[in-house]
Amino acid sequence: MSKPYSYGALPDSSRWIRLLILAPGTFNAPLSIRLKNTNLDAVDAYTALSWRWSKPTETTTLKVDQDETLTISQNLESALQALRDETENVVLWVDQVCINQMDSTEKLLQIPLMGKIYSKARSTVGWLG
């Protein structure tokens with residue numbers, strides 16, 4: 001039985017971000033991710049995903065670290081399915097997952113970093129659904 005994902009604190013929410021590591025798989029296979037804390041000043045290559053948030057009632061669950069789940073929008077699930085590679089991990093920054101949406105303090109510190117997050121990305125993908 002899966003339990004809800006528990007976000008750990010970032011070492012410094014004004015300098016650190018989380019990256020989403022999307023595990024390989026075929027298009028229709030269940031999605032699986034892990035989250036990695038990284039210093040924004042020394043970040044590895046990643047793709048930033050800009051997408052359209054959907055209605056709060058249109059949600060699904062995402063498997064995190066094998067035994068936890070995170071509720072995400074169905075539109076984000078569609079974007080992740082389309083971006084997933086069949087053989088290699090895909091490293092992404094996605095606001096809905098990489099920022100703890102239930103932590104107001106973290107959001108206050110992370111949202112001002114979004115310009116830098118997008119500018120440091122290797123590429124940015126826009127997803128309208």
Under 3.5 Å donor-acceptor, Glu106 side chain and Asn100 backbone: yes
Which atom of Gln101 lies closest to which atom of Asp95, heavy atoms considered: NE2-O, 3.0 Å
Side-chain touch Ser73/Gln96, heavy atoms, less than 4.5 angstrom: yes
Side chains of Ile17 and Cys98 in contact at under 4.5 Å (non-hydrogen atoms): no
Straight-line distance of Leu35 CG to Asp65 CG, nearest 0.5 Å: 6.5 Å
Same cluster (ILVMFWY, side-chain, under 4.5 Å), Val94 and Leu70: yes
Atom pair CG (Leu62) and OG1 (Thr60), whose distance is rounded to the nearest 0.5 Å: 8.5 Å
Donor-acceptor contact below 3.5 Å, side chain Arg84 vs main chain Ala29: yes
Verdict with reasoning, Leu80 to Leu92, per side-chain contact (heavy atoms from CB on, under 4.5 Å): CA-CA 9 Å; Leu80 294 175; Leu92 301 164; 3.6 Å; yes
Separation of Gln81 CD from Leu31 CG (nearest 0.5 Å): 5.0 Å
Electrostatic pair Asp41:Lys116 at N-O distance under 4.0 angstrom: yes
Verify same cluster id: Val64, Leu83 (apolar side-chain graph, 4.5 Å): yes
Approximate separation, where rounding is to 0.5 Å, of Ile33 CD1 and Leu19 CG: 11.0 Å
Hydrophobic cluster membership, Leu40 vs Ile111, 4.5 Å side-chain cutoff: yes
Value rounded to 0.5 Å, distance of CH2 in Trp16 from CG in Leu109: 15.5 Å
Ala121 to Thr124 - nearest heavy-atom pair and separation: CB-OG1, 4.4 Å
Validation row: Thr47, Val90 side chains within 4.5 angstrom (heavy atoms): no
Exam field: side chain Tyr5 to backbone Thr71, donor-acceptor pair closer than 3.5 Å: no
Separation between CG of Leu49 and OH of Tyr118, rounded to the nearest 0.5 Å: 7.0 Å
Among Val91, Ile117, Thr38, side chain to side chain contact (heavy atoms under 4.5 Å, CB included) partner for Val43: Thr38
Closest heavy-atom pair and its distance - Trp127, Asn75: NE1-OD1, 3.1 Å
Pairwise side-chain contact, Trp93 with Lys120, heavy-atom cut-off 4.5 Å (strictly under): no
